[in-house]
Visitor: 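Please read through the structure below; I'll follow up with questions.
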Number of protein chains: 2
Amino acid sequence: MSLLLNTSLFLSTHVNKIDGKGRVSFPASFRAALAARSSQGVVIFKSLHETALEGFTIERLHQMAQALEQLPPFSAQRTALETAIFANTQELAIDKEGRCSLPKDLAALVGITNNEVAFVGKGSTFQIWEPSAHAAALKSATDAVKSGDVEFPKLTGLV
Amino acid sequence: MSLLLNTSLFLSTHVNKIDGKGRVSFPASFRAALAARSSQGVVIFKSLHETALEGFTIERLHQMAQALEQLPPFSAQRTALETAIFANTQELAIDKEGRCSLPKDLAALVGITNNEVAFVGKGSTFQIWEPSAHAAALKSATDAVKSGDVEFPKLTGLV
DNA sequence: CATGAAATCCCATGATATCCCATGCCATCC
DNA sequence: GGATGGCATGGGATATCATGGGATTTCATG
């Protein structure tokens, strides 16, 4: 079986079409990653720093919720974080054919208008981009690494 | 009920209309969250710091009562919190169609006049806002997090 | 009691979302 | 290289949801 279908990581970039009903195929390898994690599903929200949507597993969102529970109720910090995170987050339901329907408001936020969506693997999370915007972002990220502005951290736990 | 909604968290922002009889649809995903928590019901009270109503499950209100029990009896802090929270708390009954009717006094407190209500997910609780007031609050919360004024507590054990 | 106001039940409707079946493409395997 | 199967995609049928309104019940008050 293909490596990509056998890992719990979200990898590679998949560009799929939105059909007349607003549905998009959620990439098969991402579905496999969800299954490998025994995940109940995914949520998406607007990225704070990029013109993209962030995709998390529901389990990860629950972890974030638990972390926020450590903060004092009604404190300014907790309120701001809860609002910024949860008020914009939506569950991305995946149907039996492996498709999802992107909420129109979120799709509009990242400039998806031409019925094409790029699902971008980020390891334990993923992102959703308008394809050409992602191509541009990818180029600038690559350039940053090439030029040495950005370095890779040490790997730990290597054998 | 939709079984595709797989989280017990209150997520996203849902703006619904109040009809001629004062009824509003309680968002379906919130109803699913209640079911996932096997909750007995929901209460609301005026937010301590925001122009909004706080929505809690009755179970969570009990937790909060317990937390207040930790404080010294008759201390100023305890008295103030108990009064501010419990004295203003009302049940939010949800009918068979999934609608609720907002108590008029509480609706008026948060400036709901144009027959539109925003139900805002906050993870394990939710809030009720006048929609445009919430849009402003959301922006300032998002900006605070973006700018780094507010930091997220560390997550542990992520894969 | 009687009565009006308000709340609740019950049914209807349009829009949207989901289910289910079908097709076409591409890679892999024999 | 023809067959097979996974995957992306399309469309009709069906279910869900937010919303509206009539009818019935509840309830406080005269």
Side-chain angles (χ1 to χ4, degrees), chain A residues 1-7 10-36 40-44 90-108 112 114-121 126 128-129 131, chain B residues 1-7 10-36 41-42 44 90-108 112 114-121 126 128-129 131:
Chain A
M1 176 194 290
S2 149
L3 251 189
L4 288 186
L5 291 177
N6 212 1
T7 178
F10 297 99
L11 298 177
S12 185
T13 297
H14 311 260
V15 177
N16 291 340
K17 291 190 209 302
I18 303 180
D19 72 13
K21 296 183 183 178
R23 300 173 299 187
V24 204
S25 188
F26 191 74
S29 77
F30 285 19
R31 301 200 298 267
L34 290 177
Q40 294 293 307
V42 299
V43 295
I44 56 175
Q90 302 193 28
E91 185 169 349
L92 191 68
I94 297 174
D95 70 18
K96 304 203 168 175
E97 279 74 44
R99 284 185 281 202
C100 57
S101 57
L102 277 191
K104 285 187 213 70
D105 55 338
L106 289 183
I112 292 174
N114 56 348
N115 290 346
E116 283 203 327
V117 183
F119 291 87
V120 180
F126 64 92
I128 292 176
W129 287 77
Chain B
M1 172 207 316
S2 167
L3 293 178
L4 286 176
L5 294 173
N6 260 324
T7 182
F10 296 98
L11 297 180
S12 185
T13 298
H14 310 261
V15 176
N16 290 341
K17 292 189 207 303
I18 303 180
D19 71 13
K21 297 182 183 178
R23 301 172 299 186
V24 205
S25 188
F26 191 74
S29 76
F30 284 20
R31 302 199 296 266
L34 290 178
V42 171
I44 55 176
Q90 301 191 30
E91 181 178 355
L92 190 70
I94 297 173
D95 70 18
K96 303 198 171 177
E97 279 76 39
R99 285 185 278 203
C100 57
S101 55
L102 279 191
K104 285 186 208 71
D105 55 338
L106 288 183
I112 293 174
N114 56 348
N115 290 345
E116 284 203 324
V117 182
F119 291 87
V120 181
F126 64 92
I128 292 176
W129 286 77

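As the structure is a prediction and not an experimental result, all values here were calculated from the model. So you know, we letter chains A, B, ... as the sequences are listed, proteins then strands, and number each from 1.
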Visitor: B:E97 has an atom CD; how far is it from atom C1' of C:dC11, in whole Å?
Guide: 9 Å

Visitor: Does C:dT18 have OP1 or OP2 under 4.0 Å away from a side-chain N or O of A:S101?
Guide: yes

Visitor: Please give, in whole Å, the distance from D:dG10 C1' to A:I18 CD1?
Guide: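 Checked: the CD1 to C1' distance equals 15 Å.
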
Visitor: Nearest whole Å is fine: how far is C:dC9 P from B:R23 CZ?
Guide: 11 Å

Visitor: Please verify the inter-ring angle class for A:F10 with A:F126; under 30° counts as parallel, over 60° as perpendicular, anything in between as tilted.
Guide: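 Ring orientation of A:F10 relative to A:F126: tilted.
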
Visitor: Rounding to a whole Å, what distance do you find between B:I94:CD1 and C:dT8:P?
Guide: 12 Å

Visitor: In whole angstrom, what separates B:K17's NZ from C:dG14's C1'?
Guide: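 Going from NZ in B:K17 over to C1' in C:dG14 covers 14 Å.
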
Visitor: Would you kindly give the NE2-to-C1' distance between B:H14 and C:dA15, to the nearest whole Å?
Guide: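 Spelled out: NE2 on B:H14 to C1' on C:dA15 is 17 Å.
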
Visitor: Mind calculating the distance between CZ (A:F119) and P (D:dA8) to the nearest angstrom?
Guide: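 The answer, rounded to whole Å, is 10 Å.
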
Visitor: Is the count of non-hydrogen atoms from other residues, nucleotides or ligands lying under 6.0 Å from B:Q90 atom CD greater than 12?
Guide: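 Enclosed.
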
Visitor: For C:dC10, does OP1 or OP2 lie under 4.0 Å from any side-chain N or O of B:R99?
Guide: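 No, no such contact exists.
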
Visitor: What's the spacing between A:F30 CZ and A:S25 OG if we round to 0.5 Å?
Guide: 11.5 Å

Visitor: Decide yes or no, distance alone: a donor-acceptor N/O pair under 3.5 angstrom between the base of C:dT8 and the side-chain of B:K21.
Guide: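 Per atom types, the contact qualifies.
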
Visitor: Under a 4.0 Å threshold between the charged nitrogen and the carboxylate oxygen, would B:D95 count as salt-bridged to B:R23?
Guide: no

Visitor: Can you tell me how far P of C:dT16 sits from CG of A:D19, to the nearest Å?
Guide: 15 Å

